[in-house]
There are 2 protein chains.
Amino acid sequence: MPLDSKTLCLGALDAGFNTGYDIRKAFENGPFQHYQSLSYGSIYPALNALLAEGLVTCRPHSQDGRPDKKVYTITEAGRSALRAALLQPLEFDRLRSGFMFALSFAHRMAPGELSRLLDDYIRGHYDLADELARIDGVTTPGDRFLIRMGADVCRAWGRWIEENRAALEHDIQAYRTARVPLRDGTHG
Amino acid sequence: MPLDSKTLCLGALDAGFNTGYDIRKAFENGPFQHYQSLSYGSIYPALNALLAEGLVTCRPHSQDGRPDKKVYTITEAGRSALRAALLQPLEFDRLRSGFMFALSFAHRMAPGELSRLLDDYIRGHYDLADELARIDGVTTPGDRFLIRMGADVCRAWGRWIEENRAALEHDIQAYRTARVPLRDGTHG
DNA sequence: TTCGATATATATCAAACCAATATAGGTGAC
DNA sequence: GTCACCTATATTGGTTTGATATATATCGAA
């Protein structure tokens, strides 16, 4: 149920990105960057497949100096396929977080190391919130909704960590005391 | 800077999962499931590499009826490598969200379709919050912290969507009115 | 003015990774 | 008794990423 490369390309084409290069930018710096990823190695084969299936058309576009463009256009069949894919049951958001993995070993860290890790994680959330808040020129209602949601949730998330980091540090103290009750013991 | 398979395996070993099968479970159903993924095709080669590098040791463990286990143990060099990897600058959380991608095409959906999508997305957040809240037997402070964080953020996230979905629907109305001002026009 | 960086644009490749399967016996339900 | 699922290692096929190749253009700095 994860969205496949072809669906992601159809979406990007529907959103107005009409070359392989443009589609890549949509996932690298553009509107999709924060919740999907797609690279050239997936995009160009996907466009070829979509072309073979009649879900997109392609006309070469000669340019002044720059390399020739292949301008892709989504067809009606393509829009149907996109709609169908987006209305199918979607798998829930999948997160890949190095910070959380690291935090699960908090009890192995020195206080300063943990503190720096939490600082970075909090900052990451506030930075992303600010970055989202700075975005302008967004035309579609869905994108406006997603940007506001992202910014508000990131701020709440960062605030949560700030408000609860002390509890984590206390819990680590308790954990260490329970496991190594003698401070001057022989076990390192 | 994403954590590689070897680091993830070292972490799982340090956390007490000591066979390839156990490590897989740690990423499928266990403590890492919500923020990292790792499958057999990565785990077994990684364990072999770690063994060759002296970061883990391995002793076969014959069992009653079941297949033989290979019980892996992290070495001191392995713990150093894990520490070093976790203290290196980490890339910020990467999200893969089919829901957000779909929501960015909200203006293309019928009201009922959008409503169902939002319902599912809200439910997904509350369900995850409940699932996290139900977890017990967590021994390390980091994991306790992460579970509380996940549950609280998920609930706040779900609440945000509930409180702002009406604004999205109104925005879509306005968007459509601005683009197709005549309701009885000839353009479908 | 030339150097280095960046942008436009398509395309391919190696390495990494995931999902599924093969293999093989055990356990438990019904 | 057979059907489904659990334990356990290992491999394969297909997908994806990240990097690179190729070619041209712009632009600021040295």
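The analysis underlying the following values was restricted to heavy atoms, covering all of them including side chains, and did not include hydrogens, waters or symmetry mates. Lettering follows sequence order; numbering is per chain, from 1.
- Under the ring pair (Phe, Tyr, Trp, His ring centres under 6.0 Å) rule, B/Phe27 has a single partner from B/Tyr40, B/Phe32, B/Tyr21, B/Tyr35, which is B/Phe32.
- Atom pair A/Lys6:NZ and D/dG14:P shows a separation of 15 Å (rounding to whole Å applied).
- Side-chain contact between A/Leu103 and A/Met109 is absent, with no heavy atoms from C-beta onward closer than 4.5 Å.
- A salt bridge is absent between A/Arg134 and A/Glu131; no separation between the charged side-chain nitrogens and carboxylate oxygens falls under 4.0 Å.
- Remark: side-chain polar atoms of A/Gln36 are paired, donor with acceptor, to backbone N or O of B/Ser97 under 3.5 angstrom.
- One finds no salt bridge joining B/Asp119 and B/Arg116 here, because no Lys/Arg side-chain nitrogen approaches an Asp/Glu carboxylate oxygen to under 4.0 Å.
- Taking 4.0 angstrom as the limit, B/Ser42 places a side-chain polar atom (N or O) nearer than this to OP1 or OP2 of C/dC18.
- Atom CD1 of A/Ile43 is separated from atom P of C/dC13 by 18 Å (rounded to the nearest Å).
- A donor-acceptor contact shorter than 3.5 Å links the side chain of A/Thr75 to the backbone of A/Leu55.
- In this entry the distance linking CG of B/Asp4 with C1' of C/dA15 reads 13 Å, nearest Å.
- At a threshold of 4.0 Å, the pair B/Arg79-B/Glu76 counts as salt-bridged, since one of the basic side-chain nitrogens sits closer than that to a carboxylate oxygen.
- Remark: C1' of D/dA8 and NE2 of B/His61 are 13 Å apart, rounded to the nearest angstrom.
- Using a 4.0 Å cut-off, some side-chain N or O of A/Arg96 falls inside it from OP1 or OP2 of C/dC18.
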Please list, for nucleotides 10-13 of chain D, all pairs of protein and nucleotide N/O atoms separated by less than 3.5 Å.
unit_1	atom_1	unit_2	atom_2	d
D/dA10	OP1	B/Lys70	NZ	2.4
D/dA10	OP2	B/Lys70	NZ	3.4

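- Within the 4.0 Å cut-off from OP1 or OP2 of D/dT17, not a single side-chain nitrogen or oxygen of B/Arg94 is found.
- Taking atom CG on A/Leu47 and atom P on D/dT16, their separation rounds to 13 Å, with Å as the unit.
- Applying the salt bridge (charged side-chain N to carboxylate O under 4.0 Å, His left out) test to every pair with at least one member in residues 145-156 of chain B, sequence neighbours left out, gives these pairs: B/Asp152-B/Arg155.
- Nearest-nucleotide positions on DNA chain D place B/Val71 closer to the 5' end than the other of B/Glu91 and B/Val71.
- We find that A/Arg123 and A/Asp130 are not joined by a salt bridge, their nearest charged nitrogen and carboxylate oxygen being 4.0 Å or further apart.
- Taking every heavy atom of residues 10-38 of chain A and every atom of DNA chain D, pairs under 4.0 Å involve A/Ser37, A/Leu38, by number.
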